[in-house]
Amino acid sequence: NRKEAEGRLAQALGGFTSEAGAHRLKGKAGRRWDAIAAIEKGVAIRVTPELRSESVACLSLVDVRRAERWRGEAEGLCASAMSPDYTKNAQAQVDGSIELRSYPGLESVTTTPAQGQPVGNILKFSPDGRWLADGYGNPGQQDLTLILWEVKTGSLHMRLEGVHLQAFDFSPDSHVFSIGTRSSLQSWNLESKSTVWNAKQDAEPYTVRFSPDGQSIAVSHSLGGVDLIEASNAKVRKSYVACDSSFGIAWDPKSRWLAI
């Protein structure tokens, strides 16, 4: 009868409301989207104040969800990187070869030769997408072999030895790059393959990051602290000494703030 039907309807709506609340409170990635999916099932039947409240609560959630899942074509896949314009994907294998694929579609474009070592801490496209930098080294190895590939042709452009950990970064205009060795910080011109400057360091550089405006470089060191140096001449602008050695350095888009 009508009363029983209304009861079943209310029970179903209550179930969708409870499901949405449970997803919202679970504290895991995808909670917002899972909660919204439950709400959509409910409002397809009837819009209730409870479902409306759950919907509003979901709007305040910061969340992520998996957009795509890619399967490596070989068991030896050890690293992956996307070009800045999201048109190419680089997949590094344990033998050091790197397959460049188009995106979307992941069609193979070219494959670089194997290097006999896997890619370590460095696998990065230049901001203009023209170059791909790879740091090769066995697990636990701190001094890497850096190779710069030309993305369009897959040809080797430069090779440098002794790059320390992840002390590498491209400038925002992709004209130069900086590296850290155990005893120095260096800036190189990509086109001429020549050094712009070479600055001695008292401690081993860990991480190198250009500011988005290209004016500064942040450098963390093995003994702790982060130096801000001028990208044009390696002059130290400021030193932050009240921090331990850090691998994670990030600039805000306007180059005003630095997260360590």
Side-chain angles (χ1 to χ4, degrees), residues 1-94 98-109 119 121-129 132 151 166 169-170 172 209 211-212 246-260:
N1 57 34
R2 184 185 182 91
K3 187 175 182 180
E4 290 177 349
E6 284 294 330
R8 289 193 296 270
L9 182 61
Q11 185 177 11
L13 291 170
F16 289 128
T17 303
S18 298
E19 181 183 350
H23 286 306
R24 178 171 56 84
L25 298 173
K26 68 182 180 180
K28 296 181 179 179
R31 58 179 181 166
R32 175 177 179 172
W33 311 103
D34 292 340
I36 289 176
I39 292 169
E40 288 176 342
K41 293 176 184 177
V43 298
I45 301 173
R46 178 184 295 172
V47 177
T48 66
E50 293 78 13
L51 287 170
R52 187 180 292 111
S53 295
E54 281 295 336
S55 179
V56 172
C58 285
L59 295 178
S60 65
L61 295 179
V62 177
D63 198 9
V64 295
R65 63 175 173 177
R66 186 173 64 203
E68 291 186 52
R69 184 174 183 174
W70 303 341
R71 180 182 176 276
E73 294 300 325
E75 294 181 358
L77 181 66
C78 66
S80 180
M82 291 294 297
S83 62
D85 61 0
Y86 281 82
T87 62
K88 291 183 178 64
N89 171 247
Q91 295 191 359
Q93 309 297 323
V94 292
I98 299 171
E99 185 178 16
L100 292 171
R101 297 181 169 193
S102 62
Y103 182 81
L106 297 179
E107 298 294 331
S108 182
V109 177
V119 172
N121 295 322
I122 301 170
L123 181 62
K124 189 172 188 176
F125 284 90
S126 61
D128 64 1
L132 177 67
V151 172
Q166 56 184 27
D169 200 17
F170 288 104
R209 290 292 179 268
S211 61
S246 174
F247 284 104
I249 299 178
W251 291 88
D252 85 292
K254 294 184 178 180
S255 304
R256 294 179 57 196
W257 308 100
L258 181 68
I260 302 172

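Residue numbers count from 1 along this sequence. When reading the values below, keep in mind they use all heavy atoms of this one structure, side chains included, and skip hydrogens, waters and symmetry mates.
Atom CG of Leu13 is separated from atom CD of Glu6 by 9.5 Å, given to the nearest 0.5 angstrom. Taken from CH2 in Trp251 to CZ in Arg209, the straight-line distance is 12.0 Å, to the nearest 0.5 Å. Remark: Thr87 OG1 to Phe125 CZ distance equals 8.0 Å, nearest 0.5 Å. Atoms CD and CZ, on Glu50 and Arg52 in that order, are 9.5 Å from each other to the nearest 0.5 Å. With rounding to the nearest 0.5 Å, the separation of OG in Ser126 from CZ in Phe170 is 5.0 Å. For the atom pair CD1 of Ile36 and SG of Cys58, the computed distance is 5.5 Å after rounding to the nearest 0.5 Å.
Looking only at side-chain heavy atoms (C-beta outward), Pro172 and Pro212 stay at 4.5 Å or farther from each other. Under the 4.5 Å side-chain criterion, counting only non-hydrogen atoms from C-beta, Lys124 is in contact with Asp169. Counting heavy atoms from C-beta on, the side chains of Val151 and Ser83 never come closer than 4.5 Å. A heavy-atom distance below 4.5 Å is not found between the side chains of Lys88 and Leu132. Taking the side chain as every heavy atom from C-beta outward, Asn121 and Phe247 never approach each other to under 4.5 Å.
Under the side chain to side chain contact (heavy atoms under 4.5 Å, CB included) test applied with Asp63, the options Lys28, Arg24, Arg31 reduce to a single match, Arg31.
The backbone N or O of Ala81 sits less than 3.5 Å from a side-chain atom of Asn89, completing a donor-acceptor pair. Judged purely by atom type and a 3.5 angstrom limit, Ser18 has no side-chain atom pairing as donor or acceptor with the backbone of Gly15.
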Checklist entry - What's the verdict on side chain to side chain contact (heavy atoms under 4.5 Å, CB included) for Leu59 and Arg32, showing C-alpha distance, side-chain angles and the deciding distance? => result CA-CA 8 Å; Leu59 295 178; Arg32 175 177 179 172; 4.1 Å; yes
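When all heavy atoms are compared, the tightest approach of Leu123 to Ala90 is CD2-O, 4.3 Å. Summarising the geometry of Ile45 relative to Phe16, their closest heavy-atom pair is CD1-CE1, 3.7 Å, with the distance given to 0.1 Å. The minimum heavy-atom distance linking Ser102 with Val109 is given by the pair N-CG2, 3.6 Å. When all heavy atoms are compared, the tightest approach of His23 to Ala35 is CB-N, 3.7 Å. Taking both residues in full, the closest heavy atoms of Tyr86 and Tyr103 are given as O-CD2, 3.1 Å, listed atom of the first, atom of the second, then distance. For the residue pair Ser80 and Gln91, the shortest heavy atom distance occurs at OG-CG, 4.3 Å.
Using modelled atom types and a 3.5 Å distance limit, the side chains of Glu54 and Thr17 yield no donor-acceptor pair.
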